[in-house]
Amino acid sequence: MLSLGSGGPKPAKPSFVSYVTPGEINSEKDSSKKVEHLDLLPGEVVFCSATPVLRYTQDDLSQRGVFGTLLCTNFRVSFISDESPQEEVAQHFKNRLYGENDIPLSCVDQIYGVYDEKKKLITGGQVKNKYPSKIIFHCRDLRVFQFCLTYAKEEDGRRIFQGVVRHCLEPKSLKCVFAFSYSVPAKPVLQENQRTVMFESLEDWHQEMRRTKGDCKPIRDNEAFEISHRLPKYFIVPAAVETEDLSKCEGKGIPIWCWSHHSGCALFKMASVPLGQEDTMSQSHMERMLHAVAQNYLYSVKTEDLTETLPTLQDIQQSYNKFKQFFLIDNTMDFWLSDVKWFSSLENSGWLDMIRQCLRKAMEVVECLEKENTNVLIMEEGGSDLCCVVSSLVQIMLDPYFRTMVGFQSLVQKEWVSGCHQFLDRSNHLHQKEKECQSPVFLLFLECVWQLVQQHSPAFQFSETYLTVLSDSIHVPIFSTFLFNSAHHKASVLQAESPRSQNEVLTCPPVWDWSVQFDCKAQDFFINPLYAEKNKPDKTQRKTHKPKHQRQLSLPSSAFKTPPKKGFFKEETESLKKMLRMRRVSRWLVSPDSPQASTREFYESWQRKPLDYHGVLLPCLDGPAMRVWMQRYLRWIPELQIFGGGAIAVTNRLAELQGEVVQLRRELDRQGRRENKPDNHRPLALSRSSVRLSSSFPFASNRNWSFKPVIPNSRLHSIDVTDNLANQEDEATEAFTVV
Amino acid sequence: MASPSIPAYNSSPLENSSSQNASRESLKMEPLADVALLPGEERVIDKDLIYMCPFSGAVKGKVFITNYRLYFKGTDTDPTVTLDVPLGVISRVEKMGGASSRGENSYGLDITCKDMRNLRFALKQEGHSRRDIFEILFRFAFPLSHGLQLFAFQSQEKYEENGWNVYKPLEEYRRQGLPNEKWRVSFINERYELCDTYPTLLVVPFKASEEDLKRVATFRSRSRIPVLSWIHPENHAVITRCSQPLVGMSGKRNRDDERYLDLIREANGTPKLTIYDARPNVNAVANKATGGGYEGDDAYQNAELVFLDIHNIHVMRESLKKLKDIVYPNVEESHWLSSLESTHWLEHIKLVLSGAIQVADKVSSGNSVVVHCSDGWDRTAQLTSLAMLMLDSHYRTLRGFQVLLEKEWISFGHKFASRIGHGDKNHADQDRSPIFVQFIDCVWQMTKQFPTAFEFNERLLVAIVDHLYSCRFGTFLYNCESVRDSNEVRTKTVSLWSLINSDTSSYLNPFYTVESSRVLYPVASMRHLELWVTYYIRWNPRIRQQQQSPVEQRYKELLALRDQYLKKLEELQLSDSSPPPHLTNSSTPNAASPTQRVTHLQTPF
């Protein structure tokens with residue numbers, strides 16, 4: 001029998017999607033005893049399995065490993081070890097949905113087959129009569145798995161190989177994604193004080209505008225997606241935009257309000273309208289829209305077409321493809337071979353430079369808003385990729401609210417989910433053939449945020465681990481956040497898939513419901529123990545920051561501000577017209593000869609002031625300051641585990657001390673001498689120093705790291721010393737004379 | 001006169017000169033009218049000129065030169081630009097432009113420093129305005145080339161602690177459990193007669209007689225025979241160090257040397273002695289031509305030889321030079337990583353570290369090792385001291401680290417004078433090489449990877465490297481013990497450890513956790529090695545100079561909070577019946593108490 005989910009109170013919803021042929025189901029009998037060990041999720045079905053399969057332990061070339069069963073379900077590829085499960089090595093950070101030996105189907109990045117010692121990339125759609133002796137998984141969360149199939153029965157081996165390839169690599173429909181089979185009893189919505197603002201109601205938008213003291217016009221005309229499928233139900237536009245403007249260009253060319261600066265100027269984004277030479281209609285529309293934006297504050301506007309200045313989606317995808325290869329390492333030999341050219345390889349991938357470009361662009365926008373107080377309109381073709389990256393970064397740099405966890409999540413909702421970022425197409429969960437639409441744009445954004453977090457850690461309430469887990473969650477096919485291309489897409493899919501009976505709920509939680517993946521203790525790792533919470537008694541935390549902060553730049557900006565109204569307006573229009581006709585948008589501020597000089601100056605004047613973690617935050621973009629997100633990329637590589645070291649050693653000490661302080665505080669409270677404030681902060685529940693942690697903690701924590709040092713294969717090194725210095729004697733002088 | 005508070009201010013005289021430190025510098029300077037001189041420091045000349053600051057442009061100001069330092073203070077700039085450069089840091093002074101040079105500020109002086117920066121001053125073109133300052137700078141920056149004394153011999157600084165007492169060889173060997181029945185202390189070198197670059201006290205195999213030592217000395221380059229550096233407390237495996245054997249082209253053998261190495265092996269029953277030759281194989285072979293070489297298989301039956309592929313002093317010097325090119329004055333941006341790679345600096349660090357890891361691993365698994373390079377005072381010192389740092393937690397304490405430097409580097413004759421060129425004008429001397437800086441960099445890499453394992457912090461490492469050049473202390477002067485003795489360094493100069501140990505608090509790592517028997521193996525992969533930005537790029541104001549890392553700050557806040565709570569608890573327990581007003585009182589702001597500040601800053605509680 002199939003072992004179906006036992007988690008829910010009633011049998012899981014039978015899937016109406018046919019994933020498998022009857023033959024596949026029959027074959028499960030012999031291995032069902034193994035399958036018992038697997039805790040299936042509600043709605044999870046096993047397709048096929050093979051046993052015994054050898055899982056190589058990645059450490060070396062010795063081909064040692066563990067025997068067990070490899071199986072494939074509608075959610076994951078899973079390996080169950082024959083060895084009695086290790087006594088749980090105090091699992092601090094267990095994901096409730098999948099374990100360290102599970103790969104969610106959409107987390108599989110690439111599969112390689114080894115045929116007669118030759119490694120071949122497997123692609124979907126191939127006819128595979130011959131199955132490989134060894135199968136290698138490269139995962140999107142950077143794990144690498146290697147299985148040897150030769151010990152299993154030939155039939156099983158072939159079946160598991162074909163099953164895995166079909167379910168991981170071949171095109172499928174959205175309905176086959178596990179989210180639509182996954183059913184858990186609906187949980188009561190948590191009445192948290194501070195919940196993530198989803199921006200799914202008009203009220204959410206109102207509230208955000210009140211928070212930032214914006215003065216723009218909320219629009220509800222798209223409630224039934226009549227204006228556009230690429231816009232959310234509700235959004236906000238400059239007050240001067242007329243209702244009839246909205247439907248002119250099929251939802252394009254509408255400046256969407258993102259955020260208002262305390263000075264009154266605001267940031268807008270827009271899906272640009274293709275401007276043909278003769279197309280006077282859309283030209284005049286664009287002009288009207290620019291006016292509308294300009295009118296928001298002091299008739300000023302700066303525009304930037306991001307398509308022209310930032311990398312394309314394909315560039316981003318290609319760059320990331322190169323970059324990730326440096327972390328998907330099959331064996332020690334490859335590791336040390338690649339170590340020699342590590343820095344130049346990193347650079348050649350261009351990934352860090354893309355992060356830098358996005359951060360720099362955001363800094364330019366920050367400069368316009370903060371220093372010059374001009375409205376800013378950023379545009380790109382769809383208005384939902386780099387616009388989201390830049391607008392979110394700008395808001396993080398300017399508004400400390402977005403550096404809290406709830407604030408950050410609300411920001412992702414506002415700019416990315418409501419902003420109709422095509423999460424589904426960009427992640428290519430469905431393995432559609434047109435690869436052009438696949439691009440890790442959201443990951444690029446998280447990378448940028450990580451740079452900010454590592455440079456200004458105390459300014460952020462969330463930790464690096466939070467960002468790493470969020471980046472992993474993109475590939476867990478359960479969360480509504482990442483499954484759809486737009487609000488319209490979500491609405492139509494959910495409507496079509498709505499459960500037949502009232503009792504069954506299609507859960508599809510947002511990723512922000514972290515309890516789906518982690519228990520409370522594990523969620524503690526999301527909190528940054530260094531966060532310098534704002535030191536003030538008043539509860540009105542949502543209020544925008546006031547301009548008096550030290551790092552707030554309030555340089556005189558008269559040079560840039562347009563003098564009062566009227567007469568000037570015409571000129572501005574003319575110039576705008578000209579700009580548009582030439583299809584050129586000025587690179588603001590930046591003099592053509594030294595494009596970086598201006599931001600550099602802006603950065604330096606900011607840097608000279610004392611740092612206020614609740615004020616404006618700018619990233620340093622110098623070479624040494626841009627770093628690799630070590631936790632995300634290096635956590636699974638055994639050669640790189642620093643046993644008992646790494647930043648975690650310090651965090652651990654900090655957490656211990658924090659725990660101690662909390663204890664003392666309780667003791668003091670118990671003595672009844674202090675006012676009883678509820679203690680709503682848990683101490684970080686890291687393990688105590690008795691257990692030594694590896695530098696990749698909390699990830700990969702139940703692996704047995706070796707105590708032996710890792711010794712580089714130094715023979716492979718190739719310092720090429722071109723001159724003959726290397727052959728010289730240490731002592732140039734013949735006789736050693738004592739001075 | 002010499003109050004201890006003055007040195008405290010000067011504890012890191014080379015810190016970033018511009019912007020952030022400006023206020024502090026001026027605080028220090030104003031009350032003492034311009035420059036707070038060290039005891040023994042004397043002003044030589046003042047001059048108005050323009051500092052061509054690569055970061056903030058031309059800065060008008062005044063320069064003061066003393067027998068110890070060059071001090072510059074900008075006049076009309078905000079923030080005030082200051083420079084405080086010990087003359088010992090200067091490696092080269094050159095005239096720039098001529099009397100007829102065109103262009104603004106094209107006439108002046110170019111100063112190359114050993115600490116990763118260059119200084120350029122512009123003067124008025126008329127009247128040979130730079131002649132006097134150039135000559136004075138040249139004399140005082142290179143006193144030894146002009147028959148003058150190094151500043152360390154003029155300094156009158158006094159400290160509570162006498163740093164010369166930090167390292168007492170016998171005490172250190174006793175701490176290691178020596179002598180024992182297998183190893184003895186030999187005084188054969190008491191008058192530096194066996195080896196003039198070794199210390200007086202040597203630990204050698206018990207079974208080796210003084211005559212044996214003399215015969216072995218004939219077969220080792222510069223008589224640097226294998227002697228014990230460290231012994232494992234449990235398995236009694238040892239680290240011994242020496243120079244290369246004098247094998248030569250003809251492949252000479254020496255029975256005494258062979259027998260001597262076998263005595264080392266025997267001492268703890270190691271089946272095979274491992275000899276680590278720090279050099280690349282080819283270089284070791286090439287050394288045969290000049291009479292050197294390595295231990296051949298047939299001659300040393302019970303030994304295995306491993307080459308560690310670490311390059312020589314010339315390669316290291318060029319590598320650091322390249323590094324300077326990419327970090328000063330401007331830091332590469334988009335091609336930063338490939339530029340960094342092309343310097344090979346981190347790759348050399350990787351090889352040194354991985355060599356030391358192999359040594360440490362061998363010893364901790366019970367096998368004795370012999371480490372040498374050519375002469376056994378550069379790469380050998382790096383390897384033995386790093387391996388000892390990995391194996392012995394005592395060396396990771398503030399004092400233990402000083403002992404390690406005194407022992408493995410200073411007493412065993414790392415040629416500081418030749419490698420650094422203290423007071424010597426010959427800037428192109430081929431003997432100069434940043435071997436010691438490279439070692440400190442390796443230590444820094446280890447502290448980065450194990451942030452809780454070291455009692456000292458980064459400030460100590462920076463202070464050490466700063467005073468490696470400054471010539472303010474006697475610690476790093478001269479090439480070996482015998483020369484130091486004849487120059488009476490211990491009596492005529494102050495030790496750097498006097499400064500450090502009189503004010504330890506600023507050099508302590510708050511996260512230090514004592515774990516006595518733990519072996520530290522850093523990961524010697526480029527993925528984990530990083531450039532020591534806060535040292536190599538510290539002159540660049542764009543690289544943020546955080547006085548204190550946020551983690552450290554937060555930790556200290558918590559510590560203060562804990563103490564505050566503990567105190568309150570104690571108070572409460574003492575006076576159970578005390579009226580509430582007492583506590584209300586204690587929580588009202590009371591002036592500038594540090595704990596009070598913490599209460600405001602506290603966050604998650």
Side-chain angles (χ1 to χ4, degrees), chain A residues 339-340 342-344 346-347 353 457-458 530-533 535 604 607-608 620-624 634 639-640 642 644-647 649-650 653-654 657-658 660-662 664-665 667-668 671 673 679 681 689 708-712 714 717 719 721 725-733 736 738-739, chain B residues 19 222 286 290 309 311-315 318 331-334 336-338 340-341 344 347 351 354 357-358 361 374-375 378 417 430-431 449-452 483 511 513 521 523-528 531 533 537 542 544 550-551 554-555 558 561-562 565-566 568-569 572 583 600-601 603-605:
Chain A
D339 203 47
V340 183
W342 167 245
F343 288 124
S344 51
L346 273 187
E347 185 177 299
D353 204 49
S457 184
L530 290 180
Y531 180 51
E533 224 165 287
N535 157 38
E604 279 169 4
Q607 201 198 19
R608 275 198 288 275
C620 176
L621 302 180
D622 281 336
L634 303 183
E639 286 82 0
L640 289 176
I642 305 171
V650 164
R653 286 297 307 274
L654 200 65
L657 183 60
Q658 222 164 49
E660 213 177 313
V661 170
V662 168
L664 283 170
R665 166 72 172 262
E667 183 62 21
L668 272 172
Q671 304 229 3
R673 302 289 179 143
D679 194 0
H681 286 278
S689 53
K708 291 293 281 180
V710 183
I711 296 167
S714 58
H717 84 99
I719 299 184
V721 184
L725 286 174
N727 306 323
Q728 283 181 31
E729 281 294 301
D730 265 0
E731 300 312 317
T733 45
F736 167 56
V738 175
V739 185
Chain B
S19 54
R222 299 171 205 270
T290 50
D309 296 326
H311 281 284
N312 64 25
I313 60 166
H314 311 292
V315 174
E318 292 313 306
V331 181
E332 267 277 352
E333 193 169 277
S334 51
W336 164 248
L337 289 172
S338 55
L340 181 61
E341 186 175 285
H344 296 298
E347 210 174 330
L351 283 169
S354 94
I357 292 169
Q358 290 174 65
D361 181 40
S374 297
D375 290 309
D378 292 311
Q430 292 295 300
D431 268 357
Q449 294 195 13
F450 298 98
T452 60
V483 185
F511 299 104
T513 313
Y521 293 121
V523 174
S525 156
M526 300 307 279
R527 273 100 161 165
H528 271 311
L531 186 71
V533 167
I537 320 187
R542 282 171 62 77
R544 189 187 297 284
V551 197
R554 179 98 182 97
Y555 193 73
L558 282 169
L561 200 59
R562 183 187 65 179
Y565 284 169
L566 278 172
K568 272 190 195 165
L569 263 180
L572 284 173
L583 221 131
H600 292 302
L601 283 167
T603 56
F605 317 106

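Letters A, B, ... mirror the listed sequences (proteins, then strands); counts begin at 1.
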List the residues meeting side-chain contact (heavy atoms from CB on, under 4.5 Å) with B/Ser338, not counting sequence neighbours, and say none if there are none.
A/Ser344, A/Glu347, B/His335

Minimum-distance pair of heavy atoms, taken over all atoms of B/Thr452 and A/Ala649:
CG2-O, 3.7 Å

Rounding to 0.5 Å, atoms CG (A/Leu634) and NE2 (B/His528) come to a distance of 6.0 Å

For B/Phe511 and A/Arg653, the nearest pair of non-hydrogen atoms, with its separation, is O-NH1, 2.8 Å

Restricting to non-hydrogen atoms, name the atom on B/Met526 and the atom on A/Phe343 that form the minimum distance, rounded to 0.1 Å.
CE-CE1, 3.6 Å

Tell me, do A/Gln658 and B/Leu558 make a side-chain contact under 4.5 Å, heavy atoms counted?
yes

Measuring from A/Leu640:CG to B/Arg527:CZ, what's the distance to the nearest 0.5 Å?
6.5 Å

Apply side chain to side chain contact (heavy atoms under 4.5 Å, CB included) to residues B/Glu347 and A/Val340 and explain how you reach the verdict.
CA-CA 8 Å; B/Glu347 210 174 330; A/Val340 183; 3.7 Å; yes

Heavy-atom closest pair, residues A/Asp339 and B/Ser525:
OD1-OG, 2.8 Å

Identify which part of A/Asp353 has an atom lying under 4.5 Å from any heavy atom of chain B, answering side chain, backbone, both or neither.
side chain

Enter the distance from A/Asp622:CG to B/Trp336:CH2 here, rounded to the nearest 0.5 Å.
9.0 Å

Looking only at B/Leu531, B/Leu566, B/Val523, the option with the highest number of non-hydrogen pairs under 4.5 Å against chain A is B/Val523

Run the side chain to side chain contact (heavy atoms under 4.5 Å, CB included) check on B/Tyr565 and A/Val661 step by step: do they pass?
CA-CA 8 Å; B/Tyr565 284 169; A/Val661 170; 3.7 Å; yes

